[in-house]
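These figures come from a predicted structure and were not determined experimentally.
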Amino acid sequence: MNRKTIAIASGKGGTGKTTVSVALALALAERGETVTLLDADVEEPNDHIFLNVEPPHFEDVGIPTPELIEDLCDGCGDCRTACAFNAITVMGGKALIFNELCHGCGACSLACPPKALREVDRPVGTIDRMEVRGLTFLRGMLKIGEAMGTPIVHRLRKHEAQTGWTIIDAPPGTSCPVIASSRKADALILVTEPTPFGLNDLKLAVGMARALELTFGVIVNRSDLGDREVYAYCENENIPILLEIPFDRHIAEVYARGGTLLEARPDLGEKLVEVAKNLGEARP
């Protein structure tokens with residue numbers, strides 16, 4: 001089955017991760033490739049802004065959350081002991097559930113001797129979907145007030161293309177949703193900038209990539225600003241620099257209007273496609 005999944009991440013926000021994700025997806029689509037773009041930055045998705053669309057609702061995402069059957073609860077506390085996330089305690093001889101802390105693992109229900117806990121689906125977010133500009137676009141959105149985006153990322157990844165390319169715009173940082181977005185991808189692109197903050201967070205992202213045993217490389221955005229420490233680090237760690245995108249006022253002006261990198265620099269399309277294909281072939 002001819003399919004490739006490339007996740008695009010960054011150790012920090014504002015490095016150009018979304019810029020690269022959208023540009024790569026569009027560049028592949030413009031060359032006749034089958035492309036699915038997943039916006040997995042579920043706390044603040046914004047790929048749709050640069051695609052100039054508002055995708056319609058596709059499906060809800062929920063997690064199984066325990067609900068107490070008070071008449072059956074004897075206050076034994078086995079559910080509290082089983083919960084690794086401190087989402088249950090016992091007060092007044094009855095279990096007390098903190099839904100905001102629940103990860104939906106189901107351990108409490110299994111551990112309850114009188115079967116006083118039943119699972120109900122609690123909505124935590126949504127997935128939106130549409131066909132646009134020659135590609136399939138899906139966006140995950142975390143419900144306001146919810147703390148965990150990982151279940152939405154897991155559901156979103158079930159929509160990876162069965163053939164062709166899947167490009168995943170991961171959240172910034174190295175938290176659980178980033179890991180969920182990146183693990184088992186064919187390759188990972190880390191977008192950084194040549195600044196002390198960029199280097200610090202790149203090191204964290206590289207640690208994550210190596211822990212997940214991913215094939216990865218680095219794109220340096222605004223490459224002609226800042227210092228050379230990012231380059232020295234990549235050289236010392238044998239990390240390939242896949243592409244350099246120089247600072248360009250025209251790129252910034254187009255981006256500020258909601259345009260894409262390809263609109264400002266069409267010549268970068270072929271380079272991004274080459275990066276993706278080389279990375280996809282590099283996976284053992």
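- A pairwise comparison of heavy atoms in I88 and C108 identifies CD1-CB, 3.5 Å as the closest pair.
- Annotation: ring pair (Phe, Tyr, Trp, His ring centres under 6.0 Å) contacts of F58 (sequence neighbours excluded): H159.
- With hydrogens and angles disregarded, a donor-acceptor distance shorter than 3.5 Å links the side chain of D186 to the backbone of T5.
- Both M130 and V35 are assigned to one and the same hydrophobic cluster, defined by single-linkage of ILVMFWY side chains at heavy-atom distances under 4.5 Å.
- With a 4.5 Å cut-off on side-chain heavy atoms, H48 and D128 do not count as touching.
- Other residues, nucleotides and ligands contribute at most 12 non-hydrogen atoms within 6.0 Å of the CZ atom of R183.
- Put simply, CG on L110 and CG on D78 are 12.0 Å apart, with the number rounded to the nearest 0.5 Å.
- Atom CG of N52 is surrounded by 12 or fewer heavy atoms from other residues, nucleotides or ligands within 6.0 Å.
- Grouping the Ile, Leu, Val, Met, Phe, Trp and Tyr side chains by contacts below 4.5 angstrom, directly or via other members, places V273 with L135.
- A donor-acceptor contact shorter than 3.5 Å links the side chain of R157 to the backbone of A180.
- Taking OG1 of T166 as the start and CG of L28 as the end, the distance is 11.0 Å to the nearest 0.5 Å.
- Annotation: the span from T136 atom OG1 to L138 atom CG amounts to 7.0 Å, rounded to 0.5 Å.
- L24 has its side chain out of reach of V275: every pair of non-hydrogen atoms, C-beta onward, lies at least 4.5 Å apart.
- The shortest heavy-atom contact between I8 and L188 is N-CD1, 4.4 Å.
- Neither L38 nor W165 shares a network with the other; the hydrophobic side chains, linked directly or stepwise wherever heavy atoms of I, L, V, M, F, W or Y lie under 4.5 Å apart, form separate groups for each.
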*For side chain to side chain contact (heavy atoms under 4.5 Å, CB included), just list the numbers for F98 and N86, CA-CA rounded to whole Å, side-chain angles, deciding distance to a tenth of an Å, and then say yes or no.*
CA-CA 8 Å; F98 301 97; N86 299 314; over 6 Å; no
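- A salt bridge links R31 with E270: the closest approach of a Lys/Arg side-chain nitrogen to an acidic carboxylate oxygen falls below 4.0 angstrom.
- At most 12 heavy atoms of other shown residues, nucleotides or ligands fall within 6.0 angstrom of atom CD in E44.
- Of all heavy-atom pairs spanning I63 and C102, the tightest one is CD1-O, 3.7 Å.
- L268 places a side-chain heavy atom less than 4.5 Å from the side chain of L261.
- Listed by chain and residue number, nothing satisfies the salt bridge (charged side-chain N to carboxylate O under 4.0 Å, His left out) test with E274 (two or more places apart in sequence, or in another chain).
- Partner of F216 under the side chain to side chain contact (heavy atoms under 4.5 Å, CB included) criterion, out of L279, L190, I6: L190 alone.
- Nearest heavy-atom pair across F137 and P55 is CE2-CG, 3.7 Å.
- Between the side chains of T18 and D169, a donor-acceptor pair is found at a separation under 3.5 Å.
- Residues L37 and V153 do not share a hydrophobic cluster, defined by chaining ILVMFWY side chains whose heavy atoms lie under 4.5 Å apart.
- Rounding to the nearest 0.5 Å gives a distance of 10.5 Å between CG of L26 and CG of L272.
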Donor-acceptor contacts under 3.5 Å from residues 192-202 side chains, at least two apart:
| residue | atom | partner | partner atom | Å |
| --- | --- | --- | --- | --- |
| T192 | OG1 | G198 | O | 3.2 |
| E193 | OE1 | R222 | NH2 | 2.8 |
| E193 | OE2 | K12 | NZ | 3.1 |
| E193 | OE2 | T195 | OG1 | 3.4 |
| T195 | OG1 | G198 | N | 3.0 |

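- The shortest non-hydrogen separation linking V178 to P172 is CG2-O, 3.5 Å.
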*Taking it one step at a time, do K277 and E33 satisfy salt bridge (Lys or Arg N to Asp or Glu O under 4.0 Å)?*
CA-CA 12 Å; K277 291 185 174 180; E33 300 281 353; 3.6 Å; yes
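- Side-chain atoms of D47 and R139, non-hydrogen and from C-beta on, never get closer than 4.5 Å to each other.
- The shortest side-chain heavy-atom distance between P66 and C79 does not fall under the 4.5 Å cut-off.
- Cluster annotation: M208 is connected to Y233 through the hydrophobic network of ILVMFWY side chains, with a link wherever side-chain heavy atoms come within less than 4.5 Å.
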_side chain to side chain contact (heavy atoms under 4.5 Å, CB included) assessment of I241 paired with V218_ = CA-CA 5 Å; I241 302 288; V218 170; 4.3 Å; yes
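- E253 CD: more than 12 foreign heavy atoms inside a 6.0 Å radius.
- Considering all non-hydrogen atoms of both residues, I189 and I219 come closest at CG2-CD1, 3.7 Å.
- In this structure, the side chain of S182 does not engage the main chain of A7 through any donor-acceptor pair within 3.5 Å.
- Proximity of L117 to L68: side-chain heavy atoms (C-beta onward) are separated by under 4.5 Å at one or more points.
- Legend: residues meeting ring pair (Phe, Tyr, Trp, His ring centres under 6.0 Å) with H103, ordered by chain and number and at least two apart, are F85.
- Using a distance-only test at 3.5 Å, with no hydrogens or angles considered, a donor-acceptor pair links the side chain of R155 to the main chain of D60.
- When atom types are taken as modelled, the side chain of S10 and the backbone of G13 share no donor-acceptor pair closer than 3.5 angstrom.
- Looking only at side-chain heavy atoms (C-beta outward), T19 and V191 stay at 4.5 Å or farther from each other.
- Side-chain atoms of K94 come within 3.5 Å of backbone N or O of E70 as a donor-acceptor pair.
- Taking the side chain as every heavy atom from C-beta outward, T150 and M148 never approach each other to under 4.5 Å.
- A salt bridge is defined here as a Lys NZ or Arg NE, NH1 or NH2 lying under 4.0 Å from an Asp or Glu carboxylate O, and E237 with K203 fails to meet this definition.
- Rounded to the nearest 0.5 Å, atoms CG (L262) and CD1 (I251) are 10.0 Å apart.
- Enclosure of atom CG in D267 by more than 12 non-hydrogen atoms of other residues, nucleotides or ligands within 6.0 angstrom is indicated.
- Under the rule for a ring pair (Phe, Tyr, Trp, His ring centres under 6.0 Å), the partners of Y255 that lie at least two apart in sequence or sit in another chain are F50.
- Salt bridge E160/K184: absent, no basic N to carboxylate O contact under 4.0 Å.
- With values rounded to the nearest 0.5 angstrom, D121 atom CG is found 7.5 Å from T65 atom OG1.
- In this view, E30 satisfies the salt bridge (charged side-chain N to carboxylate O under 4.0 Å, His left out) rule with no residue, not counting sequence neighbours.
- In this structure, E43 places its CD atom where only 12 or fewer heavy-atom neighbours from other residues, nucleotides or ligands lie under 6.0 Å away.
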